[in-house]
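Working notes, structure below.
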Number of protein chains: 2
Amino acid sequence: MSETSDFDLKNFLPYLLNLAAEVSSLEFQTYYKTHYGMLRMEWRVLFHLGQYGQMTAKQICDRARLHKTKVSRAVAALESKRYLKRSVSDHDRRHEDLALTPAGQRVFRDLTTAAAAFDDKLSQKLTPDENAMLRTCLGKIAKL
Amino acid sequence: MSETSDFDLKNFLPYLLNLAAEVSSLEFQTYYKTHYGMLRMEWRVLFHLGQYGQMTAKQICDRARLHKTKVSRAVAALESKRYLKRSVSDHDRRHEDLALTPAGQRVFRDLTTAAAAFDDKLSQKLTPDENAMLRTCLGKIAKL
DNA sequence: TCGTATTAGTTGATTTTGTAACTAACAAGC
DNA sequence: GCTTGTTAGTTACAAAATCAACTAATACGA
């Protein structure tokens, strides 16, 4: 029985964070997966378009800190679901302006509502103080 | 632009948790990947064996909350690296008792040391109060 | 002791992700 | 104009995660 050190996985921050992230994501993930057949990256991209309006893939990459291939695939998937439309920019044809379709906006509103409800449910496990501090701590760790 | 609700991704707990988990894991992950060619699941399994001594794959599944296919593949990988040995149990030949080899124990000690140092580094971004509360909160969320 | 259910663990097929190389459009210097 | 460099986005291939089906050993009731 190795008592090599007093280190304990159960207190290892990356481990705890991963565990909490997994558990907390599962229910909401299941929601958009079963209701709209969407993946996490698709939800994130849809969210950014819904929240901030028309933008290019590059802008989404920067804002969401996502790699361009992830965004590219998510955009293609959302397009094939008719949740967004693209239009090549006139003055720079490398850019594609992305915008949600009415259908995409409906999905956005529904997911936003659902997300808010999930967040409330999670928050209720913690005191108001804990809630505030938790978000602060996570921000520090994620270097936001 | 859509002011559908006051919901903001930047405060959505699952999102923040995933972000913090990703960022905080990256450096350590790089360490055991480059030094020992190990995957996250392998590190977790190795850790459990190092910390708790000999156990079966099933016990690891339960303790680490991992699916059996993940553990099965991690065990196979660790075995091929000669970091663990398996021995079929006598009184129930479905069970395999797993234990680290001396080489595996050396790796365990090294990774444990590295993890502890890395955890310290992360902890320094937070006050002692925040540290304690953060771990409490994460525990609540992960239903530990 | 036979049939059924359960448990431990593995394997294979399918999906998803990650990495790197690629195309196309533009910009800037010469 | 032509080269060189940079940027936006896609594609192709490899690594990995997921899910379901499978084998083998045991338990347990009729």
Side-chain angles (χ1 to χ4, degrees), chain A residues 18-19 21-23 25-27 29-30 32-34 36-46 48-49 54-81 84-99, chain B residues 18-19 21-23 25-27 29-30 32-34 36-46 48-49 54-81 84-99:
Chain A
N18 272 295
L19 223 51
E22 267 176 42
V23 171
S25 299
L26 187 63
E27 191 175 341
Q29 196 174 321
T30 303
Y32 58 67
K33 196 164 200 168
T34 60
Y36 302 107
M38 284 171 60
L39 264 31
R40 199 162 41 115
M41 287 305 137
E42 296 172 42
W43 140 249
R44 284 203 194 170
V45 167
L46 183 110
H48 278 267
L49 288 172
Q54 175 173 310
M55 53 200 305
T56 69
K58 183 65 192 338
Q59 290 174 304
I60 296 177
C61 290
D62 294 341
R63 274 203 119 111
R65 303 155 132 247
L66 257 29
H67 193 265
K68 56 185 182 172
T69 61
K70 289 184 183 177
V71 173
S72 173
R73 290 201 261 247
V75 166
L78 289 171
E79 188 185 31
S80 81
K81 293 188 182 75
L84 71 75
K85 56 181 191 311
R86 9 175 157 210
S87 49
V88 175
S89 167
D90 279 335
H91 50 287
D92 188 340
R93 278 177 306 174
R94 285 172 305 182
H95 293 75
E96 286 182 342
D97 293 315
L98 308 171
Chain B
N18 272 294
L19 222 51
E22 264 176 45
V23 171
S25 299
L26 187 63
E27 189 175 341
Q29 194 174 321
T30 303
Y32 58 67
K33 195 164 200 169
T34 59
Y36 302 106
M38 284 172 59
L39 265 29
R40 198 164 42 114
M41 287 304 137
E42 296 171 43
W43 140 249
R44 284 204 193 171
V45 167
L46 182 111
H48 279 266
L49 289 172
Q54 174 173 311
M55 54 200 304
T56 70
K58 184 66 192 338
Q59 290 173 304
I60 297 177
C61 289
D62 294 342
R63 273 202 121 113
R65 302 153 134 250
L66 256 30
H67 193 265
K68 58 185 182 172
T69 61
K70 290 183 184 177
V71 172
S72 172
R73 288 185 160 119
V75 165
L78 289 172
E79 189 185 30
S80 81
K81 292 188 181 75
L84 70 75
K85 58 181 191 310
R86 354 155 68 123
S87 50
V88 175
S89 168
D90 279 334
H91 50 288
D92 187 340
R93 278 178 306 175
R94 286 172 304 183
H95 292 75
E96 286 183 342
D97 292 315
L98 308 170

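All chains are named by letter (A, B, ...) in the order of the sequence lines, taking the proteins before the strands, and each is independently numbered beginning at 1.
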Next item on the list: To the nearest Å, give me how far apart CD (Glu42(A)) and C1' (dT15(C)) are.
Entry: 13 Å
Check: Between dA27(D) and Arg93(B), is there an OP1 or OP2 to side-chain N/O distance shorter than 4.0 Å?
Finding: no
Checklist line | Spacing of His95(B) atom NE2 relative to dA8(C) atom C1', expressed in whole Å | finding: 7 Å
Next item on the list: In whole angstrom, give the distance that lies between atom CZ of Arg94(B) and atom C1' of dA5(C).
Entry: 11 Å
Notebook entry, point to check: Charged N to carboxylate O below 4.0 Å: is that the case for Glu22(A) and Arg65(B)?
Noted result: no
Check: Atom CG of Leu98(B) and atom CD of Gln54(B): how far apart are they, to the nearest 0.5 Å?
Finding: 8.0 Å
Check: Rounded to whole angstroms, how far apart are CG on Leu78(B) and P on dT10(C)?
Finding: 12 Å
Notebook entry, point to check: How many Å lie between CZ on Arg86(B) and P on dG9(C), as a whole number?
Noted result: 9 Å
Notebook entry, point to check: Between CZ of Arg63(A) and CG of Leu66(A), what distance do you get to the nearest 0.5 Å?
Noted result: 13.5 Å
Next item on the list: Run the numbers on Arg73(A) and Leu39(A) for side chain to side chain contact (heavy atoms under 4.5 Å, CB included), then give the verdict.
Entry: CA-CA 10 Å; Arg73(A) 290 201 261 247; Leu39(A) 264 31; over 6 Å; no
Next item on the list: Mark yes or no for whether Ser72(B), through its side chain, and Lys68(B), through its backbone, hold a donor-acceptor pair below 3.5 Å.
Entry: no
Note to self: Using whole Å, what does the distance between atom P of nucleotide dT7(D) and atom NE2 of His91(A) come to?
What the structure shows: 17 Å
Notebook entry, point to check: Does a side-chain heavy-atom distance below 4.5 Å link Val88(B) with Arg86(B)?
Noted result: no
Check: Could you state the CD-C1' distance from Glu22(B) to dT17(C), rounded to the nearest angstrom?
Finding: 12 Å
Check: Tell me: NZ of Lys58(A) to P of dT6(D), nearest whole Å?
Finding: 14 Å
Notebook entry, point to check: Taking atom CG of Leu78(B) and atom CG of Leu49(B), what is their separation to the nearest 0.5 Å?
Noted result: 8.0 Å
Margin query: Can you work out whether Lys33(A) or Ser89(A) has the more 5'-proximal nearest nucleotide on DNA chain C?
Written below: Lys33(A)
Check: Does any residue of residues 61-74 of chain B have a heavy atom under 4.0 Å from DNA chain D, and if so, which ones, in number order?
Finding: Thr69(B), Lys70(B), Arg73(B)
Next item on the list: For Arg40(A), answer base if it contacts any base atom (sugar-phosphate contacts may also be present), sugar-phosphate if it contacts only those atoms, and nothing otherwise; contact means non-hydrogen atoms under 4.0 Å.
Entry: nothing
